[in-house]
Every structure is written in structure tokens, then in C-alpha cells.
Number of protein chains: 2
Amino acid sequence: MDEFMQAAIDEARLGRSQGGIPIGSVLVRNGKIVAKGHNKRVQELNPILHGEMDCLNNAGRQAEGYRNTIIYSTLMPCFMCAGTIVQFKIPKVIVGESRTFDGAREFMESHGVEVVDLDLPECVQMMEEFIAAEPALWNEDIMEE
Amino acid sequence: MDEFMQAAIDEARLGRSQGGIPIGSVLVRNGKIVAKGHNKRVQELNPILHGEMDCLNNAGRQAEGYRNTIIYSTLMPCFMCAGTIVQFKIPKVIVGESRTFDGAREFMESHGVEVVDLDLPECVQMMEEFIAAEPALWNEDIMEE
């Protein structure tokens, strides 16, 4: 397992252990982790803190920008997170899976973002177990009614 | 002046008085303000708290979703905020202006969001004065280098 994806999975599992939604993310520059994060809708009653957003929140202001960064996420980014990746000019996204949620891959690619989907069974299983256990919470997070 | 746009402008001016970036936002449902917010990059060293994001953050979890809401912003939303509006299924955006920043109008419209640009001289002037005073801060906020 890629060490950065493993760190994102660890964040996702940490979030789930807190009663939250198991999606984690890490921001990497020059082979080092800049920041980590996980979805905090439940923990902080906060709808904008998806895993990727929490990670970028934790990274704080980046004086040099994001052009030499890679963002990892255990799940394909939604339009909020994808729009953020495009706006922040993060050039590459590596995701754990997109089987349980399509996300906004085409939108990111249309703006020149490289998207790599590792399609990891571990990530699929984590989301499938969560969605089966808490379908209403998952639908709230992706704004499905 | 529309009372909700006035509230968004008041938020923007509050942010500027704190040394921050003068962009404000309010979320409205059934003719009432649900939440207000303003850009907090400077105040909280936080790159994801654009005005619209801070407003949605302050609104917290919305059990009934956002389909019957309107979001106001003093400036045309960037891709982060536009992606959030699309993901949250907010059907209508009313903005103060888009002369100082193009934003992501076409992206929102392509996803069925109604975008109304009031093109208010007051909003244009507020941003022009800010950009002239703090060009580096503005470029950081929109990730221009």
C-alpha cells in the first residue's frame, strides 16, 4: 500500500471511530505529508468539512500555493471538493475508489487535473459497510434525498 | 437595495474591518436569513473559508437540505464555492458583481443553478479598493501567481 493512501485510510478509520463518515485525505508535497484530514459532518456538525476540505483547512495558508502538491482521498471527490481542487490548482488527485460514489472525475479532468483511481477493495469495503449501517447520514453528506 | 444583498455587503465590510477580504454571503430560506458569513482567510488563516463557505459552515447541518434556499454573495463564486453550490443543490445564486472576478458562472449554469448578477457599483468599488490596497492577498485568495 502507498504510504500516503494508507495515511488517508487511517484518517478515514479515525473518523469512523468517532461516529463520523469514513473518508480521509492527505496533502503531500515533495514526498512529505503537509496535512491530513477526515470528514467532520458528524463530529463538528459541519457540512463543508468533507475529508479533502478538512485536510486543506488543516494545511492552513500555503504561501507557495498548491502547484507542487498531490491530494489523496479515500473516495472520489464530490463537486465541492473537486471545485476546490480546481480552484486551488492542485494538479493531481489520487483516490482510493469511486465504486460507491461517482464524484466529479470528469469535471476535474476537464480542468487539467490528473486523477488516479487506485480502486482499492479496502476502501470500497469501508464505504459499503458505512453506507449499509448509516444510509441516511450518507445521503445527507452527498445531498441525496 | 435588496435586504439580503445588503446583509451580504454588511458581512463583507465587517470582514474588511477585521483586516480581511471583503466578500460576504447570506443563505436565505422562505424570506428569512438562515446564516451569514464572510471570507476568513486572514482572520482564521483559513484558505477554505471564502464568504459562501463560511456562510454554509455557520448554517451547520440542514436536515431539510438546500433545495428551497437562495445564496447571496457580494462576488461571483469561485470554483470551490460554485462546486459547493452544485453539490449542495442550492438552486439559485444572487451575486453583487462579477467585474473584478469572473468566477464560475457557466459551470453553475451548466448544472442547472440560476445565477443572477446584480452588477452593483457598491460591490465593484469595494473589491476594487481592496485589490488596489492588497494585491498579493487577493492573488493568494484566488490562487493566482
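What you are looking at is a predicted structure, and each value in this text was computed from that prediction instead of being measured. Letters A, B, ... are given to chains in the order of the sequence lines, protein chains preceding strands, and every chain is numbered from 1. Heavy-atom basis, side chains included; hydrogens, waters and symmetry copies ignored.
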**OP:** Indicate the ring-plane relationship of Phe79(A) and His111(B), choosing parallel, tilted or perpendicular according to the 30° and 60° boundaries.
**Re:** perpendicular
Original post:
Hey, quick one: are Met76(B) and Met80(B) part of the same hydrophobic cluster, counting side-chain heavy atoms closer than 4.5 Å, chains of contacts allowed?
Top reply: yes
Subject >> Least distance between heavy atoms, Arg61(B) atom then Leu137(A) atom >> reply: NH2-CD1, 3.6 Å
Subject >> hydrophobic_cluster_shared for Phe101(A) and Val93(A), side chain cutoff 4.5 Å >> reply: no
Original post:
Going through the checks in order, is the side-chain contact (heavy atoms from CB on, under 4.5 Å) test met by Met143(A) and Gln62(B)?
Top reply: CA-CA 10 Å; Met143(A) 313 292 167; Gln62(B) 294 286 317; over 6 Å; no
**OP:** May I ask you to name which of Asn58(A), Asn57(A), Ile142(A), Leu49(A) has the most heavy-atom pairs under 4.5 Å with chain B?
**Re:** Asn57(A)
**OP:** Give a yes or no on whether Val124(B) and Ile9(B) share a hydrophobic cluster (residues Ile, Leu, Val, Met, Phe, Trp, Tyr; joining criterion: side-chain heavy atoms under 4.5 Å apart).
**Re:** no
Original post:
If you group Ile, Leu, Val, Met, Phe, Trp and Tyr by side-chain heavy-atom gaps below 4.5 Å, do Ile70(A) and Val113(A) land in one group?
Top reply: no
**OP:** Consider only side-chain heavy atoms of I, L, V, M, F, W and Y, link residues closer than 4.5 Å, and tell whether Val115(A) and Leu56(A) are in one cluster.
**Re:** yes
Original post:
Heavy-atom distance under 4.5 Å to chain B: side chain of Ile85(A), backbone, both or neither?
Top reply: neither
Original post:
Knowing that exactly one of Pro47(A), Cys78(A), Pro77(A) qualifies, which makes a side chain to side chain contact (heavy atoms under 4.5 Å, CB included) with Gln87(B)?
Top reply: Cys78(A)
